[in-house]
Number of protein chains: 4
Amino acid sequence: MLNRVILIGRLTRDPELRYTPAGVAVTQFTLAVDRPFSNQQKEREADFIPVVVWRQQAEHCANYLRKGRLAAVEGRMQVRNYDNNEGRKVYVTEVVADNVRFLESANSQNQGGGGGAARDEFAPPAPSQNRSFGGARNNQDPFSDDGKPIDISDDDLPF
Amino acid sequence: MLNRVILIGRLTRDPELRYTPAGVAVTQFTLAVDRPFSNQQKEREADFIPVVVWRQQAEHCANYLRKGRLAAVEGRMQVRNYDNNEGRKVYVTEVVADNVRFLESANSQNQGGGGGAARDEFAPPAPSQNRSFGGARNNQDPFSDDGKPIDISDDDLPF
Amino acid sequence: MLNRVILIGRLTRDPELRYTPAGVAVTQFTLAVDRPFSNQQKEREADFIPVVVWRQQAEHCANYLRKGRLAAVEGRMQVRNYDNNEGRKVYVTEVVADNVRFLESANSQNQGGGGGAARDEFAPPAPSQNRSFGGARNNQDPFSDDGKPIDISDDDLPF
Amino acid sequence: MLNRVILIGRLTRDPELRYTPAGVAVTQFTLAVDRPFSNQQKEREADFIPVVVWRQQAEHCANYLRKGRLAAVEGRMQVRNYDNNEGRKVYVTEVVADNVRFLESANSQNQGGGGGAARDEFAPPAPSQNRSFGGARNNQDPFSDDGKPIDISDDDLPF
DNA sequence: TTTT
DNA sequence: TTTT
């Protein structure tokens with residue numbers, strides 16, 4: 001009935017932009033959110049929370065976010081499940097974001113490094129005809145490295 | 001850095017109260033949270049979100065919440081993982097609540113039914129010595145039906 | 001940059017539905033939100049928080065909410081100011097809701113009383129041509145009892 | 001019953017640290033929170049939201065926040081009222097924070113400037129005996145520039 | 001009275 | 001599989 005999540009944390013990797021068969025943009029990344037206090041102060045701890053962003057914001061995230069950057073995410077918790085290749089039900093919990101704020105600009109000290117970004121971080125997103133074309137052409141499985149099903153479906157669209 | 005979740009939904013079952021070896025109360029339940037809109041309006045959908053409550057609120061929840069009741073939960077998202085019996089890492093996402101509100105009183109129409117509740121829903125919680133005794137004696141695995149590890153540890157205490 | 005409020009409380013009065021000159025529906029009510037703990041446990045305390053709802057939800061609120069009912073409100077804090085009749089700047093803080101949940105149905109025990117509601121609480125909202133007509137004709141000041149300016153403007157529309 | 005606010009914005013001025021007669025630290029500042037979209041895109045708009053922080057976090061804020069800095073604030077909305085010198089009831093709405101996150105460190109480009117900060121931003125807070133002494137001695141009215149009553153009372157303590 |  |  002009401003489902004609201006707000007997170008501030010850092011990207012563990014560069015975001016991954018994919019497209020559904022119908023050409024809808026979707027970006028995934030994981031946010032490392034430090035816990036307020038570790039139990040016995042042993043080591044510092046964080047929760048690693050998967051985030052999904054759709055449509056125009058997906059492209060903004062892909063263009064302006066990078067590994068290590070600080071971001072605020074507002075959305076809702078979603079629990080999906082599917083049967084893995086051993087016939088076992090696997091549950092996946094993600095935050096479906098409807099609002100992402102970039103809390104560090106690209107000219108901060110925190111460049112994510114690793115060199116050789118082919119993509120200009122400040123270029124506006126490519127025109128949408130191109131994007132939906134490119135998107136439809138992208139036949140890699142979007143979420144496979146998370147053990148999620150091969151094909152991202154337009155049924156997953158949250159709105 | 002910031003991690004806040006607010007949910008309103010209905011319990012899918014009666015809450016389960018357990019105790020850590022050190023005698024700390026912990027209650028688990030799952031909240032069914034209706035999604036704002038199903039994609040193609042096919043059938044009604046909900047997210048089923050596991051909630052963990054600690055200490056005094058754990059006992060309040062066990063005493064006053066029942067299957068089917070409406071509740072508001074405020075807390076943070078937590079992602080745990082453990083190795084299952086096939087040596088595979090399993091990820092568990094829960095909401096660790098620091099605030100639970102009961103939005104339906106026990107004398108509402110929505111009793112959860114199923115008859116024969118031995119426990120008086122309006123009785124004050126039993127004295128804590130008894131409870132922590134009983135708790136420490138309870139050697140069933142608390143989270144087993146979710147595929148979580150047998151023993152709940154005091155290391156899981158959020159504060 | 002990010003502005004999110006979530007409240008659960010009870011209406012202090014029946015909601016008031018008005019219309020802007022352009023015929024956009026807007027409803028106002030005040031939510032009494034109990035404080036978690038009074039300071040010295042003297043008497044029970046609450047915050048009385050003004051809420052504004054626009055468009056379709058405004059009409060739902062007017063139709064289904066009543067004084068005393070429990071509701072959840074999600075929105076953003078807004079601070080307006082205007083010059084009062086003594087030429088002094090007055091600040092008004094409200095929650096502009098984008099999501100209102102009715103936590104008690106009309107057939108609960110909590111009817112708000114006062115007798116003689118002419119409006120059927122479960123009737124669907126009147127057809128929109130009528131409403132916007134009636135709205136445009138309603139030339140009472142919408143927010144006057146709160147000391148707010150006489151005319152509600154279409155400039156106040158949040159989206 | 002539930003009252004939660006999360007804001008991200010920039011301080012409009014340096015925070016002001018005061019102490020209650022009993023020596024409890026309290027800091028006030030205003031957060032400028034940009035609105036998601038101005039109505040007709042005329043000019044950019046923001047809400048200016050007063051924030052109050054108590055105890056240890058009050059001192060952290062006074063030490064590490066400055067005008068112009070980005071911060072995240074988590075807390076609850078509080079509506080106070082008092083009678084002004086014309087015998088008129090004035091309502092004051094603030095966010096009582098229980099969690100403040102500094103989203104820009106002091107060595108960012110965004111120094112707030114204005115020269116001559118006597119206080120070292122990275123020095124740890126002064127020892128608490130001194131602080132509560134200094135605090136108790138501070139008999140200026142803490143909130144006077146907001147038109148609030150002269151004396152801040154220990155009754156205002158939220159917990 | 002307002003911030004980037 | 002994880003971020004500063």
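All chains are named by letter (A, B, ...) in the order of the sequence lines, taking the proteins before the strands, and each is independently numbered beginning at 1.
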Asker: Could you check how far CZ of F29(D) sits from P of dT3(E), rounded to whole Å?
Answerer: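 Atom-to-atom, F29(D) to dT3(E), this comes out as 16 Å.
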Asker: Using whole Å, what does the distance between atom P of nucleotide dT2(E) and atom CG of D47(D) come to?
Answerer: 14 Å
Asker: Considering just the side-chain nitrogens and oxygens of K89(B), establish if one lies under 4.0 Å of OP1 or OP2 belonging to dT1(F).
Answerer: yes
Asker: Would you mind telling me which of dT1(E), dT3(E), dT3(F) lies closest to the side-chain atoms of A32(A)?
Answerer: dT3(F)
Asker: Rounding to a whole Å, what distance do you find between R35(D):CZ and dT4(E):P?
Answerer: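 After rounding, the gap between these two atoms is 19 Å.
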Asker: Nearest whole angstrom, please: distance from the P of dT4(F) to the CZ of F102(A).
Answerer: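 To the nearest whole Å, that distance equals 18 Å.
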Asker: How long is the line joining CG of D34(A) and P of dT3(F), in whole Å?
Answerer: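 Result: 11 Å.
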Asker: Strictly by modelled atom types, are Q28(A) and E16(A) linked by a side-chain donor-acceptor pair under 3.5 Å?
Answerer: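 No, no side-chain donor-acceptor pair sits under 3.5 Å.
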Asker: Please report, rounded to the nearest Å, how far the C1' atom of dT4(F) is from the CZ atom of F48(A).
Answerer: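 Roughly 11 Å, once rounded to whole Å.
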Asker: So if I take every side-chain heavy atom of A46(A) and compare against dT3(F), dT1(F), dT2(E), which nucleotide ends up nearest?
Answerer: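 Selected nucleotide (nearest to the side chain): dT3(F).
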Asker: Could you state the NZ-C1' distance from K67(D) to dT4(E), rounded to the nearest angstrom?
Answerer: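 Rounded to whole Å, this separation is 11 Å.
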Asker: Are R76(B) and D98(B) within salt-bridge range, i.e. N to O under 4.0 Å?
Answerer: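 Salt bridge absent between R76(B) and D98(B).
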Asker: Heavy atoms, side chains only, cut-off 4.5 Å: are V26(A) and Y19(A) in contact?
Answerer: no
Asker: To the nearest angstrom, how far is R101(D) atom CZ from dT4(F) atom P?
Answerer: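 My rounded result for the distance is 18 Å.
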Asker: Salt-bridge test for E74(A) and R101(A): reply yes if a basic N is under 4.0 Å from a carboxylate O, no otherwise.
Answerer: no
Asker: Of the listed nucleotides (dT3(F), dT1(E), dT4(E)), which one gets closest to any side-chain atom of R10(D)?
Answerer: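 So the nucleotide nearest the side chain must be dT4(E).
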